[in-house]
Amino acid sequence: GFGPNIISQNGTGGVQVASTGQGNIFGGNEINNNGGPFGLLVLNNSGVFMLGGTVNGNTGLGLHCGGTSHCELLNAHFDSNGAGGIEIVEHSDASIDGGVEISGNMGAGVLVDQSSSLTSLDGNTISGNTGDGLILNLLSALRLSAPDTITATPNHLALNCNNLSMVTGDISAYKPQ
């Protein structure tokens, strides 16, 4: 239903959307302080649309979008998760549509890997994560429609693009000085 709902203190993870499922998360919901490998798990040809809300303080990843799934985020916050903010893997795609903040996570802010793609539509912030801000790996793609704020922490990169991946859009603000 329409939130706010609080999904908290679960031992094996927060919310799972799997096996061709669709999740629509609206209205200031909180997915926090869950154990296990994820706060929000979307996999196996599934989708999630998250409008508002917070995924924070989970033992594992904030969001795992994998197995040919689609994740769309708007005005959502992913912070203080124990194994990274967001990962888009295994031929999946995600869109961060504005007002998305990914900060203070242990590890990378965003990982895009294994022939997956991320589209950013402007006005998003990736900062204060203990690893690289955004990692683009293994035949994956990033489309920046307009500049986002991606801030590197000491000894890390704002944008780490490697292994035959591709970026479209202006990345000049994210290049090491």
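What you see is a predicted model; the values in this text were computed from it and never measured.
- Here the side chains of Thr119 and Asp93 are not in contact, with every heavy-atom distance at 4.5 Å or above.
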| request: Evaluate the side chain to side chain contact (heavy atoms under 4.5 Å, CB included) criterion for residues Leu118 and Leu134: first the C-alpha distance (whole Å), next the side-chain angles of each, then the deciding distance (0.1 Å), finally the verdict. | output: CA-CA 10 Å; Leu118 172 64; Leu134 197 159; 4.0 Å; yes
| request: Using the side chain to side chain contact (heavy atoms under 4.5 Å, CB included) rule, take Asp122 and Ser145 through it: C-alpha gap first, then chi angles, then the decisive distance, then the call. | output: CA-CA 6 Å; Asp122 185 23; Ser145 295; 5.7 Å; no
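- Taken from CG in Asn124 to CD1 in Ile102, the straight-line distance is 7.0 Å, to the nearest 0.5 Å.
- When every heavy atom of Met166 is checked against every heavy atom of Leu136, the shortest pair comes out as O-CD2, 3.4 Å.
- Under a hydrophobic clustering in which Ile, Leu, Val, Met, Phe, Trp and Tyr are joined whenever their side-chain heavy atoms come within less than 4.5 Å, directly or via other members, Leu121 and Val110 fall into different clusters.
- The side chain to side chain contact (heavy atoms under 4.5 Å, CB included) test with Ser140 is passed by exactly one of Ser117, Cys161, Ser165: Ser165.
- With rounding to the nearest 0.5 angstrom, the CG atom of Asn29 is 9.0 Å from the CD1 atom of Ile6.
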| query | Yes or no on side chain to side chain contact (heavy atoms under 4.5 Å, CB included) for Val55 and Leu63, after CA distance, side-chain angles and deciding distance? | reply | CA-CA 8 Å; Val55 179; Leu63 167 64; 5.9 Å; no
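- Around the CG atom of Leu138, the shell of radius 6.0 Å holds more than 12 heavy atoms that belong to other residues, nucleotides or ligands.
- Under the 4.5 Å side-chain criterion, counting only non-hydrogen atoms from C-beta, Ile25 is in contact with Val48.
- No path of Ile, Leu, Val, Met, Phe, Trp and Tyr side chains, each step under 4.5 Å between heavy atoms, connects Leu61 with Ile88, placing them in separate hydrophobic clusters.
- No side-chain donor-acceptor contact under 3.5 Å links His156 to the backbone of Gly133.
- At least one side-chain heavy atom of Val89 sits under 4.5 Å from a side-chain heavy atom of His64.
- Note on Ile126: it clusters hydrophobically with Phe78, by side-chain heavy-atom contacts below 4.5 Å among ILVMFWY residues.
- Nearest heavy-atom pair across Ala152 and Leu157 is CB-C, 3.6 Å.
- Counting heavy atoms from C-beta outward, Asp97 and Glu72 have side chains that approach closer than 4.5 Å.
- For the pair Pro37 and Thr12, the tightest heavy-atom approach, listed with the atom from each and the gap, is CD-O, 3.8 Å.
- Using a 4.5 Å cut-off on side-chain heavy atoms (C-beta onward), Leu144 and Tyr174 make contact.
- Asn129 approaches Gly104 most closely through the heavy-atom pair OD1-N, 3.4 Å.
- Note on Val100: it clusters hydrophobically with Leu159, by side-chain heavy-atom contacts below 4.5 Å among ILVMFWY residues.
- Defined by atom type and a distance below 3.5 Å, a donor-acceptor pair is present between the side-chain atoms of Ser8 and Asn32.
- In plain terms, the two heavy atoms of Ser69 and Ser92 that are nearest each other are N-OG, 2.9 Å.
- The closest side-chain heavy-atom distance from Ile171 to Leu142 is not below 4.5 Å.
- Of all heavy-atom pairs between Ala18 and Ser46, the closest is C-OG, 3.1 Å.
- Under a cut-off of 6.0 angstrom, the local environment of CG in Asn162 is crowded, with over 12 non-hydrogen atoms contributed by other residues, nucleotides or ligands.
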